[in-house]
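Down below is the structure, laid out as structure tokens.
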Amino acid sequence: HARFALARVRQAQGRSEEMEPPLHDLIEAAERVGWLEIVAEAAILLGRTRVVRDDRAARECFQRALAAATEGRLPRLAWEAHANLGNIQIAEEFAWRALTREEATVRPYCLYVLAHVRRLQAQFEAAEQFCKDALASAESNGDVWASGPAWRILGDVYRDWGRLGDARA
């Protein structure tokens, strides 16, 4: 957990290239003990750090995350990996299905995946609304962990929308 937390802090400080070694170490350690949720989460984060510099390396990270999420039956992480791999139809279908069938605790995760899909489709107003709904749902559930991905995607939405001031806020 310490390396993962350190990597997240470094990302927040804008030094994403420093995240790669601790994330890589974390992925390797988590794979050795079969901690698939950490493998998937860290691989997604590592892929996001690499996407600007090396699309192939980022894609490999997202594929690794998808494999771990699928094996570990972790749908939220599988949806995000699918979305990052460009499989937005699959990600969207899973998220909508889970919204109608799953319990309230899954709702914020489904909504941030839908926000991510809309961001990739350059539908920024809809993406922003899904993020805000995800944040409200996470708050309603008292789930601070669910709000993190929604804030991250909201920042990405604002960045891609050209609203850099909002993305930094």
- Name all residues meeting the ring pair (Phe, Tyr, Trp, His ring centres under 6.0 Å) criterion together with Y158; count only those two or more places apart in sequence or in a different chain, and write none if there are none. none
- Could I get the full list of side chain to side chain contact (heavy atoms under 4.5 Å, CB included) partners for D156, not counting sequence neighbours? R48, R119, R152, I153, R159
- If you take all heavy atoms of A42 and I27, which pair is closest and at what distance? CB-CG1, 3.6 Å
- Applying side chain to side chain contact (heavy atoms under 4.5 Å, CB included) to E37 and not counting sequence neighbours gives L74, R76, L77
- Task: Going by the side chain to side chain contact (heavy atoms under 4.5 Å, CB included) test, name the single residue among V117, L111, L135, L154 that passes it with F130.
- Result: L111
- Just jot down the side chain to side chain contact (heavy atoms under 4.5 Å, CB included) partners of E93, sequence neighbours excluded, or say none. Q89, R97
- Non-neighbouring partners of W96 that pass side chain to side chain donor-acceptor pair (under 3.5 Å), sequence neighbours left out: E92
- Query: Minimum heavy-atom separation for A58 to G47, with atom names?
  - Reply: CB-O, 3.4 Å
- Query: By side chain to side chain donor-acceptor pair (under 3.5 Å), which residues pair with T70, not counting sequence neighbours?
  - Reply: none
- What residue pairs, at least two apart or across chains, pass salt bridge (charged side-chain N to carboxylate O under 4.0 Å, His left out) with a residue in residues 65-74? none
- Which atoms form the tightest heavy-atom contact between A104 and S137, and what is the distance? O-OG, 4.4 Å
- Item | Listed partners of E60 passing side chain to side chain donor-acceptor pair (under 3.5 Å), at least two apart | R56
- Query: In chain order, what residues pass the side chain to side chain contact (heavy atoms under 4.5 Å, CB included) check against R59, with sequence neighbours excluded?
  - Reply: Q63, L85
- For the atom pair SG (C131) and CZ (R118), what is the distance rounded to the nearest 0.5 Å? 12.0 Å
- Query: Which atom names give the shortest non-hydrogen contact between A134 and A150, and what distance separates them?
  - Reply: CB-CB, 3.8 Å
- Counting N and O atoms only, with roles assigned by atom type, does the side chain of N84 sit under 3.5 Å from a partner on the main chain of E80, one being a donor and the other an acceptor? yes
- When rounded to the nearest 0.5 Å, the distance separating CG of L99 from CZ of R107 is 5.5 Å
- Message: Are I90 and L66 linked, directly or through intermediate hydrophobic residues, by side-chain heavy-atom contacts shorter than 4.5 Å (ILVMFWY only)?
- Response: no
- Residues which pass salt bridge (charged side-chain N to carboxylate O under 4.0 Å, His left out) with E28, listed by chain and number, not counting sequence neighbours: R64
- Item | Shortest non-hydrogen contact from L120 toward A83 | CD1-O, 3.2 Å
- Message: Hydrophobic clusters here meaning ILVMFWY residues chained together by side-chain heavy-atom distances under 4.5 Å, can you tell me if I44 and L36 are in one?
- Response: yes
- Scanning both residues in full, the closest heavy-atom pair of W79 with A91 reads O-CB, 3.5 Å
- Message: Once rounded to the nearest 0.5 Å, what's the spacing between atom CG of D133 and atom CG of L114?
- Response: 10.0 Å
- Item | Which residues share a side chain to side chain donor-acceptor pair (under 3.5 Å) with D143, sequence neighbours left out | Y109
- What residues form a ring pair (Phe, Tyr, Trp, His ring centres under 6.0 Å) with W161, not counting sequence neighbours? F124
